[in-house]
Amino acid sequence: QERACAAYSRHQAAPGMEVVDIPFDRTTEWLLERRIVGASYTKSLRTVHARLAAALAAERPAEAPAVAQLVPPGTERASLTYFDAKAVMQALLDAGLGEKTLFGGYSNAHTAQWADIVRRFEAGSIHLADAASAMAQAVGYELPALKKEAARAEKELSELVRRQGEYERLAAAAEERYVAACDKKGLGTDCSREEIGRRLRESRSLLRATFARVAALCQSEEMGGAVEYYLAYVRHCLEAAARLGADVGAKAAPPDVTADGADKAGKAGKAKGKAKGAKGGEGAGGGAVAGGGTAAPAAVADADEVATTSLARLRKVQALDASSALASAEAEAAAGGGSASGDEPPRLSLWAALRRPATRGAILLPILQLAAGSSMGEEVLFRALLLHGLVSKARLPAPLAAALSSAVFGAMHIWNERSAVQRSIYAVWTFLGGLVFGAAYLGTGGGLALPVLLHFGNNFIVQLVCVRKVAQAALAQRNAFVEARDRVVAGRAAAGPARSRVVGSGGGVAPAK
């Protein structure tokens, strides 16, 4: 309002200027009623626009670079008015291209062309009608659009300012936590990346010395005595367990029992073991009697085997330099074409798991639930609501309505894949599926049974294939883990005899070489 008042004051002050108070969208009608422009001004205006388009298509004069700035190449004719043509004409005159011929015309072709455009604009005052149309277009459409754009920009700016404040608060909190962590670690004020790296390098050297001392202690004579003491303890426990098992077997089956009596005692022992669970070994031991009537002792692990197993951690510490042995074991495993353990991992298959009653339900039940739920929900949404509404409410033809609903159906599924190519393929696939489901819906007179059944079959097959891909990926990871485990076991087996202590038959421990 203030700008309008200022403009009105300027018009009042200008001599010879008349202020017209009329609606802006009726300026052209006012010019026609006052006969300022003729009734056939549109024909003359089309001629001027054609000349203006020809001038824009021509090359810009090199002598007047200002013309290329006013109307750069690619400028559309609809964006230019009489005032732009006057500005180009003035730029040509300022560049010294205003020389005239004997007959009063301009000698330069560009100047003559733009002078003709300006003269045709001013003939019959059609430039006023063109300016009125441009004003109505700008005020009625362009200004509201610019206002909306400005409001949207202000909203985005406020949102960005809010996010900036939030990020600044998060950054300040992170900096406080970082400083607190540095103080806790004893770094003090100097908590730069270089200082942290220097501390880590120092810690690595300290850890190497610590590990060397631990390895030296494990290889010392004192550790050998401790290991020998532990071996004696293990042997004592195993011998005591063997004696206890022999005594229990002797009590369960006396020597004077006949063969028939031993069989009956064995059956009774088995029945008692099934009934009491934890005491089943004792009942079975009571029945495990030889034909002569003597009881078999309880099975106890070999003392040397258990002693060797108990030294696994010590041997791991002693075999610190096992990189060469691991490399040779990997080379041998690669040359042999199999795992170091020699055992082929069992082959797994999704179809084999589906044939097993124990795993069939765990695989099929979630797939059936997901396929049924998604098919029924999507058919109700896209066919019963969207497609039915387009046909009955919007009165669209059935093929067009089916295509539109299928396009929406495909767009809703486009984010199910990751890459752009897979998204495009999946969108086309779902669009075709939506056409099939829509045809089934329309062909059955609005029934959902056939579309739901077709949709369920499609979802079931797709999800089953997805489960198979996941199972294949898991199997590949399992095989890689088994192969890595076999290589590590082979490396330890190759590095053990060279770096570990040798356990003698009497339980002594020899020094490591």
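Index from 1, following the sequence.
The neighbour count for Y233 OH, taken as heavy atoms of other residues, nucleotides or ligands under 6.0 Å away, does not exceed 12. Sparse packing is recorded around CE of M412, with 12 or fewer heavy atoms of other residues, nucleotides or ligands lying under 6.0 Å away. Counting heavy-atom neighbours within 6.0 Å of R26 CZ, excluding the residue itself, gives a total of 12 or less. Within a 6.0 Å radius of CD in E76, other residues, nucleotides and ligands contribute 12 heavy atoms or fewer.
Taking every heavy atom of both residues into account, A394 and L390 meet most closely at CB-O, 3.4 Å. Closest approach of A402 to L435, counting heavy atoms only: O-CD2, 3.9 Å. Minimum interatomic distance between V391 and A398 (heavy atoms only, all atoms of both residues): CG2-CA, 4.5 Å. Contact detail for T430 and G410: the closest heavy-atom pair is OG1-CA, 3.2 Å. Across every non-hydrogen atom of A401 and L396, the tightest pair is CB-CB, 4.4 Å. For the pair A87 and L70, the tightest heavy-atom approach, listed with the atom from each and the gap, is O-CD1, 3.6 Å.
Aromatic ring orientation, Y441 versus H388: perpendicular (interplanar angle above 60°, classes split at 30° and 60°). The aromatic rings of F460 and F456 lie parallel to each other, with less than 30° between the two planes, well short of the 60° mark. A parallel orientation is assigned to the rings of H455 and F437, their planes being inclined by less than 30° (bins at 30° and 60°).
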| task | Go through E195 and R199 one step at a time and tell me if the salt bridge (charged side-chain N to carboxylate O under 4.0 Å, His left out) criterion holds. | result | CA-CA 6 Å; E195 178 65 18; R199 295 291 186 93; 3.1 Å; yes

| Trace of the side-chain contact (heavy atoms from CB on, under 4.5 Å) decision for V428 with L432 | CA-CA 6 Å; V428 173; L432 296 177; 4.3 Å; yes

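Side-chain atoms of R383 never come within 3.5 Å of backbone atoms of V452 as a donor-acceptor pair (strictly under, hydrogens ignored).
Under the 4.0 Å criterion applied to side-chain N and carboxylate O atoms, R169 and E166 are not assigned as salt-bridge partners. We find that K155 and E159 are not joined by a salt bridge, their nearest charged nitrogen and carboxylate oxygen being 4.0 Å or further apart.
A distance of 5.0 Å separates CZ in F409 from CD in E378, rounded to the nearest 0.5 Å. Rounded to the nearest 0.5 Å, atoms CD (Q164) and OH (Y167) are 11.0 Å apart. Once rounded to the nearest 0.5 Å, the distance linking OG1 of T75 with CG of L80 reads 6.5 Å. Note: L464 CG to L368 CG = 9.5 Å, rounded to the nearest 0.5 Å. Atom CH2 of W429 is separated from atom OG of S424 by 16.0 Å, given to the nearest 0.5 angstrom. Note that NZ of K147 and CG of L143 are 6.5 Å apart. Values are rounded to the nearest 0.5 Å.
With a 4.5 Å cut-off on side-chain heavy atoms, M376 and V380 do not count as touching. Between D84 and V71 there is no side-chain heavy-atom pair separated by less than 4.5 Å.
Between the side chains of S374 and N459, at least one donor N or O lies within less than 3.5 Å of an accepting N or O.
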